[in-house]
Structures are given as C-alpha cells and as structure tokens.
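Take a look at the structure set out below.
Computation of the quantities below employed the complete heavy-atom set of this structure, encompassing side-chain atoms and omitting hydrogens, waters and symmetry-equivalent molecules. Keep in mind it's a predicted model, so treat the numbers as computed, not measured.
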Amino acid sequence: MSIEIGTIIKSISGHDKHSFYVIVGYDNDSPLIADGRRRKLAKPKRKNPKHLSKTNTVIDMADLTDKKLRKALHSFNFPD
C-alpha cells in the first residue's frame, strides 16, 4: 500500500489511535508521519501501513513548517 506524500491519514492502531497525521516520506516501505506537535517534521514517526487509514485530502508539501502542518490538521483533529 503506497500512499502519496502529503496525504492526510488517520492512525487506527497504537497509542496515537484516532489522530491525524501527514505522510512526509518513506523509509523502505514504511511511511513516515508527522503532525507538527508530538511528531515534528525533523523527526517523523515510522508507522506500519496496516495501521493507517487514508483520507482523500492531500496538502502541498512546499515550504511546509510544523506550524503550518498543525494548522492544516486542526480541523481534522478538532472537528466542530
């Protein structure tokens, strides 16, 4: 399962269950995810692709900072 870099995903397993992240890269076949708060862009988490659920939203990765990443994920993590 290969998901495009910049796709917003939902963690469905682990201590970060029900949290939204963005795929920022790949390490072998494992996606690297970050949310800008617990997992910064400089130190993303490697996650098993079986533990992720893909959304239909892709964000632009150009000039992305941790602050911009938190802002993009805010509406997913805290729906009104």
Side-chain angles (χ1 to χ4, degrees):
M1 174 172 119
S2 181
I3 304 172
E4 179 183 356
I5 293 176
T7 302
I8 295 177
I9 54 94
K10 181 179 182 181
S11 174
I12 57 174
S13 182
H15 73 279
D16 56 357
K17 185 171 140 175
H18 303 300
S19 297
F20 287 88
Y21 294 91
V22 172
I23 295 182
V24 296
Y26 279 90
D27 180 24
N28 296 328
D29 290 332
S30 299
L32 299 173
I33 61 173
D35 66 354
R37 177 155 294 144
R38 292 178 299 271
R39 286 293 173 174
K40 307 284 187 182
L41 289 169
K43 192 174 179 187
K45 175 179 177 53
R46 189 174 62 189
K47 189 85 170 165
N48 188 331
K50 294 188 293 187
H51 299 160
L52 301 175
S53 176
K54 179 181 168 186
T55 66
N56 292 327
T57 308
V58 178
I59 62 171
D60 184 23
M61 296 295 290
D63 300 326
L64 189 64
T65 63
D66 288 323
K67 185 175 182 177
K68 290 179 184 177
L69 182 55
R70 286 192 304 269
K71 190 172 183 177
L73 293 175
H74 183 76
S75 62
F76 287 92
N77 285 318
F78 303 105
D80 291 334

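- Counting heavy atoms from C-beta on, the side chains of Arg46 and Asn28 never come closer than 4.5 Å.
- Counting heavy atoms from C-beta on, the side chains of Leu52 and Pro31 come closer than 4.5 Å.
- Listed by chain and residue number, Asp35 satisfy the salt bridge (charged side-chain N to carboxylate O under 4.0 Å, His left out) test with Arg38 (two or more places apart in sequence, or in another chain).
- Here the straight-line distance linking atom OG1 of Thr7 with atom CD of Glu4 works out to 5.0 Å at 0.5 Å rounding.
- Partners of Asp60 under the salt bridge (charged side-chain N to carboxylate O under 4.0 Å, His left out) rule, at least two apart in sequence or in another chain, do not exist in this structure.
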Distance-only donor-acceptor pairs under 3.5 Å for side chains of residues 68-75, two or more places apart:
unit_1: Lys68; atom_1: NZ; unit_2: Asp63; atom_2: O; d: 3.2
unit_1: Arg70; atom_1: NH1; unit_2: Gly36; atom_2: O; d: 2.8

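- Taking every heavy atom of both residues into account, Ile23 and Ile9 meet most closely at CD1-CG2, 3.9 Å.
- Under the 4.5 Å side-chain heavy-atom criterion for ILVMFWY residues, a single connected hydrophobic cluster contains both Ile8 and Met61.
- In this structure, CD1 in Ile59 is found 12.0 Å from CD1 in Ile5, a value given to the nearest 0.5 Å.
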Using side chain to side chain contact (heavy atoms under 4.5 Å, CB included), reason through Arg39 and Ile33 one step at a time and then give a plain yes or no.
CA-CA 8 Å; Arg39 286 293 173 174; Ile33 61 173; 5.7 Å; no

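- Summarising the geometry, atom OG belonging to Ser30 is positioned 10.5 Å from atom NE2 belonging to His51; distances are rounded to the nearest 0.5 Å.
- Expressed to the nearest 0.5 Å, how far OH of Tyr21 lies from OG1 of Thr55 amounts to 14.0 Å.
- Atom OG of Ser11 is separated from atom NE2 of His18 by 8.5 Å, given to the nearest 0.5 angstrom.
- When all heavy atoms are compared, the tightest approach of Val24 to Ala34 is CG1-CB, 4.1 Å.
- Minimum interatomic distance between Phe20 and Phe76 (heavy atoms only, all atoms of both residues): CE1-O, 3.4 Å.
- To the nearest 0.5 angstrom, Leu41 atom CG is 14.5 Å from Lys67 atom NZ.
- Within the 3.5 Å criterion, the main-chain N or O of Ile3 finds a donor-acceptor partner in the side chain of Tyr26.
- Lys45 places a side-chain heavy atom less than 4.5 Å from the side chain of Asp16.
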